[in-house]
Amino acid sequence: MFEPMEPHEEKPIIYTMENKPIVTCAGDQTLFTGLYSLLAQQLPREPMEWRRSYGRAPKMIHLEANFVQFKEELLPKEGNKALLTFPFLHIYWTDCCDTETYKASVKEDMQRWQGVLRLHGSSDWLIVVVESDGKKKNKTNILPRTSIMDKIRNDFCNKQSDRCVALSDPLRESSRSQESWSSFLTKLRTLLLMSFTKNLGRFEDDMRTLREKRTEPGWSFCDYFMVQVLLLRMLLVRNLLNLPVRSWNGLLLRRPIDMEKRELIQRSEASLLDLRSYLFSRQCTLLIFLQRPWEVTQRALELLHNCVQELRLLEVSVVQGALDCWVFLSCLEVLHRIEGCCDRAQLEANFSHTVGLWTYATEKLKSLGYMCGLVSENGPNSEELNRTVDLLAGLGAERPETANSPQSPYKKLKEALSSVESFEKHYLELSHAALEMYRAIGRMRSARLVGKSLAEFYMRKGDAQTAQTFLLDSLKSYTSEGWSLPVTHTRKQIAECQKQLQQTEDYLQTSALLASDANLTDEERKHYCQEILTFANQASENKDQRVALSMSSFAQLRELRFQPAAATVHVGAALQLELRLCSLMPVPVRLEQVAASVHFSLEQPGTRPGPVGSQRRTGVSPDGTVTFPATSPSYGPPQSSAAAALELYEMQDRSPSDNTLNSTGVMCKNVHLLLRSNDSTTSLDMPRGSASALTMEDGAQMLKTNDVTLLPGSNSIVFSSMQAGTYTLRQLCATVGRVQFVLPHIYPIVQYDVYSQEPQLTIEPLTDNLLAGLPQRVKFTIVTGHYTVKKGDALQLTNSTSMPILHSSSCSACILSSTEELVGEAALSIQASEKVTSISLPPTPPYHILEFQLEVLCHIPPSPTRAESERLTNGEVRHRPKSRTRYNSGMASIDQKVSIDCPWSIYSILISLTFYTPFRAKHSLLSAGKRKYIQVCLQNVSDTNFCIANQTLTELQHTPSLELLSLNAKSRQLVYSKQCLYSLWEMKWSRETLPPCLQCVFNASFSPADAPDTALKPYSYEFQLERVSTLYTVKADIQPAVGEEQCRAGSLCRLEVSITRLTDATEAEREDEEAIETEGLRTTKLMYEVVDNSSHWAVCGKSSGLVSMPVAAMATHKVQMEVMPLFAGKLPFPSIKVFKYLPHTAPPMTQTTTSPLLDKGLEDQADTASLRSRGSVHSLGSSDHQQQQRSVPMPRLDPFSPGQVFNCSLTRQVLVLPSTDDHVLEVNVT
Amino acid sequence: MYVIICMHCFCPQNYPLYIRSVPSQSELKFHYTVHTSLDVVEEKISTVGKAMAEQRELYLGLLYPTEDYKVYGYVTNSKVKFVIVVDSSNTSLRDNEIRSMFRKLHNSFTDVMCNPFYNPGDPIQSKAFDSMVSAMMVQSS
């Protein structure tokens, strides 16, 4: 806008740059023109430091200047504040080098120039003297350069000698020229900046003064504003753009500066809007100039909002809608401006910046449309038409600069307001543009909000279908994010759409949701509820046409209670199912029917354990209630977060072989629920598409209750049931007239069982172990199941002799219910015949338990251990496990089988009871010379303490001459658990010989220690003794060596063994073939052996030998041998063993039965001295010996029965003195 | 007069944990405004989040202005969003004051979360939180 002052130069570049400070040039114009390009190029090359006033930080700037020819008009008049046209520096150019010329013309010219400057109070000037050598040459009367300079200085620069500069040879490339150039430029810059600072400072001062005066009357903001704007523009002009732009505000225009508005301001006639518009337009131009168009949109929006707010605050009166028009126009104007300076791709990338303006414009257009009645179906009425006319008039004429563009905002607005159709066209265009932009930048919520307002528009136009699609889209987003108020509002709109569209089912569903919506007032809720009820009660020609709605909006299932709590009943019993439904309706609703459909899964009757052991179901609390998570049907936090708590289980994987832990973890059992997609959770809110889910399952079993009135809030409904099986609750359906409210799924899964059970009989002992020999109580339990025990029903027990049933008179049975509560007691009558014991049962209802106790006795078998006496050596009983007997802590057990006939079955039941024998008996035969004793050891192996009395020992077949003399205490004796009782009898006989075989019975009475005397029970033990009488006595004697009085260690002693036959040949011996008839004398061969296992003795010479004994009484055989004691002290005699020696003629088959071979262990045992005579065992038996026996017929050794050989010197000892040499005793002290 | 709303974002849904507004006719409009502002919040989080998730400023500043309201946003490190809506005519509130209000809200919210009986994700029903918000609303109205 700075027009060239004078087109004296052709170079346009100088004058197009408007934004530079002005420097005037006087004097020799041709000279300056020659230097101009160099000057303009050189001047901005180096920066200058600009020191500013008021403590502002210094700034480095590059100076540029606009050189113009000096004219008097250029100089500012008094009071003119035009900073931009202000000449900051005046330069006089001359190349005069001769005094004459100077005096003649130049000086005069300079004086005139100075005069003009002085007149205008300008002291910023500079005189430049250009010297060139070329010019000097031509002239003859050349003065030195300095003289001209001096003259000029003298004439003009009184004290300011620096205002005159010389520039020598500027067009030449020489060091001198360069030097002078640089000094000249520095001076020029300094002066320019000085002047600039001075003038700007003065200007600022003026401005401040003006500002301080603002409270004075007559102060004009416009004046102040213009001053400030000028200053800022000046700064801008100087590229000093750290502008305080904050104080700028304004609006739109296409021309860089709206001179029209500016004039208005200068004339102080601008309105607030005008002023703001003007300011913004300037800002806009600046920002676009700075390549920041997106900031324009942001500021535009801010400005518009501010303006609207301010106008409202200031209560400025405007025509209704005028503001909307202004905003609309402004928005579009800015958008057009932006579109004008950006390409399409840039625009698309920056939708986020422009979309705000689009939406704002859309909103404003919409409100204008509503105001002018362009949105209603019927078109505007007269009042609205008037309003439109007013608004259009207020717009005024279109500005000339946009008149030619067909798409100008002005034209758009005018067109939009002109008719309903065109309004629709423009509105939809704008809305869709905004919608698309929001979608493009991913602001879906904003897009939906625009969609919602579009929906409102469509509703007004009566296009419910289109409106609904937009609304449903919005609703989805609001529900998924749980925004209750928007949800309610949108739903109300949807309901209206659906009503218009006659979508009955959807409308009812929405109505149900609205009726239960707490955000609505009671009246509204009642209205929607009434809508449903009205529809429901409409008589429909088609009865089958029912409408199924989701129950979640109607009522909520809160709790479910089973009675009985276990949710398990038998057939025929009453199972009550109490539902707690929370009605969400604002009014009581009468339901014709409430039905719960159940899914029946067949289960084998009887496989389910009885009511006692039925496992608890998940989710059912001990008192039989199932609580359902409260879910909000319409909104609220999505169910996934609220409903399902994680069901976590610990999982351990152990290796099957050694049970070590392989891995462990936590398992979530309800993942499928938690990970359900969110769409499905909200499906209930979407009436469309969910219709299929709401149908009731056909053919399912139903629990029904009729005529229920559902009050607002909690209600309880009771169902009862049913047939055998396991049932799962699936759906719930409430029927009101034609409307059904369906709860399609019940979760958590609720199941109940109705079972049928077979009768069962069990018999179990009351104690841990049943003891044989004593009366024991056993418990009979009859679980009746589905069977009814009638009067006269009886259990038939087949008697067995070994286990009689003892029936006492006071026998009663308890009847328990299935939950083990005592129902009643009844007496049992037991009748026993020879074969059968019959127990008549009291009448018992089904699914009850009948319990009674009976006493049984199991007789102890007299000799349970018969098989063990197989290889008796001396009567000791060696136990071996046998198949028949089981051992439980050392007790022999007896299995008793009871066969029972039950009234409910044609088959007998076989029940096995196990009894344990409380005692173990052992017998042994003891000898003392010829005298014989029988010892019986009775061991209590049970855990009970017993009293033992009346021990007797009798022969089975009485031998007349034999008498058994008891040596026992008479009184009863206590035998504690695990203790033994020994009893002893002496055998006395009158005749010479004893029978070879004695069969004895040991009898005793026993009772538990705490039982009364009368309860004594018998115990008997049978055993057999063979070859009782003593055949030989063995007597040993050790004599010291001849001449010694005592045996001495280390010296040989004499051992004399004498074997004496005590009896004549017995019956048994005669039968044996072991005796050999030689020379008319019956002899039998014996083998003796002297063994010393304890290494006390060294047997010298033969330690064993054969002896031929005559079979006659008192026949004696003596054997002598040498032994040497190895130690001193009292040494036991070496043991002497005697065997029968059988010649090889004996048939080999007998070998197995009478094997002489015994294991070494037994041989060791034989050494332990005791009163009992022990069977001597031949120690020669070894494996090779045995093998020899097998292959070749060999003579055999056979041991005697216990008692047949009596060793008189078994435990004798002999005193051995230490050897005579060893009378030095070594004593080691440690 | 302004509204305060906090939103939770443990899950993709942005359901409100706490909404409080000065009772007025335009409550519905508040809700729509705040709901829409979530777009901008998310936009800001995602753009800033990429740059420096660590030293992200919690205060998001003015989300977007409308003719009637100014909407300010704040996001905690656990992506809980706070939104404060101020009436446009209320020019006395400075940015710093809004910032300190958010900080107060955040502190109070932290207290709520520290309550062992509070189930994260449930609507906030704490009386302490309530009274703190009331005090703030009174103070700045």
Side-chain angles (χ1 to χ4, degrees), chain A residues 298-299 301-310 312-313 323-324 327 352-353 355-356 359-360 363-364 367 438-439 441-450 452-453 474 477-490 492 519 632 635-642 645 678 681-682, chain B residues 3 5-21 23-47 61-71 81 83 86-92 119-125:
Chain A
Q298 210 176 322
R299 288 188 187 192
L301 207 55
E302 231 168 274
L303 166 84
L304 293 174
H305 289 147
N306 276 337
C307 286
V308 172
Q309 274 300 326
E310 276 164 25
R312 212 177 284 165
L313 273 179
L323 211 53
D324 292 336
V327 171
S352 57
H353 296 104
V355 73
T359 328
Y360 200 25
E363 269 171 39
K364 287 302 164 191
S367 76
Y438 274 133
R439 286 206 180 124
I441 56 170
R443 293 195 186 176
M444 296 317 287
R445 296 183 187 86
S446 312
R448 289 197 180 107
L449 195 62
V450 175
K452 262 207 68 185
S453 90
S474 306
S477 124
Y478 296 138
T479 40
S480 72
E481 298 188 358
W483 288 78
S484 67
L485 230 50
V487 164
T488 310
H489 180 238
T490 314
K492 263 167 80 178
N519 282 329
S632 176
Y635 54 84
Q639 299 187 349
S640 56
S641 68
N678 289 319
T681 59
T682 53
Chain B
V3 201
I5 299 172
C6 332
M7 263 137 315
H8 217 272
C9 189
F10 276 148
C11 51
Q13 287 92 353
N14 278 292
Y15 54 89
L17 286 186
Y18 183 89
I19 303 189
R20 180 79 178 279
S21 61
S24 75
Q25 297 285 317
S26 48
E27 197 170 347
L28 181 68
K29 203 170 157 190
F30 284 144
H31 283 238
Y32 279 126
T33 308
V34 174
H35 182 250
T36 319
S37 75
L38 288 177
D39 273 340
V40 188
V41 173
E42 277 172 9
E43 209 170 272
K44 290 206 177 193
I45 295 173
S46 62
T47 49
L62 184 69
L63 295 179
Y64 77 101
T66 68
E67 204 174 293
D68 307 298
Y69 312 113
K70 284 181 191 144
V71 187
K81 299 155 192 164
V83 174
V86 186
D87 204 275
S88 280
S89 58
N90 191 342
T91 47
S92 62
N119 208 352
D122 286 355
I124 296 174
Q125 285 164 332

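Every chain is numbered from 1, with letters handed out A, B, ... down the list of sequences. Predicted model, so just to flag it, every value in this text is computed and none were measured.
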With a 4.5 angstrom heavy-atom cut-off, which part of A:T359 approaches chain B: side chain, backbone, both or neither? neither

Part of B:D68 within contact of chain A (heavy atom distance under 4.5 Å): both

Contact check, side chains of A:H489 and B:H31, non-hydrogen atoms, under 4.5 Å: no

Taking side chain as C-beta onward, heavy atoms only, is A:K364 less than 4.5 Å from B:E67? yes

Considering only heavy atoms from C-beta outward, does the side chain of A:Y438 approach that of B:T36 to under 4.5 Å? no

Search all heavy atoms of B:H35 against all heavy atoms of A:R445 and return the closest pair with its distance. O-CD, 3.0 Å

Mind checking the CG-CD1 spacing from B:D39 to A:I441? Nearest 0.5 Å is all I need. 8.0 Å

Tell me, for A:T490 versus chain B, whether the close heavy atoms (under 4.5 Å) come from the side chain, the backbone, both or neither. both

Per-residue contact mode, A:L485 against chain B (heavy atom under 4.5 angstrom): both

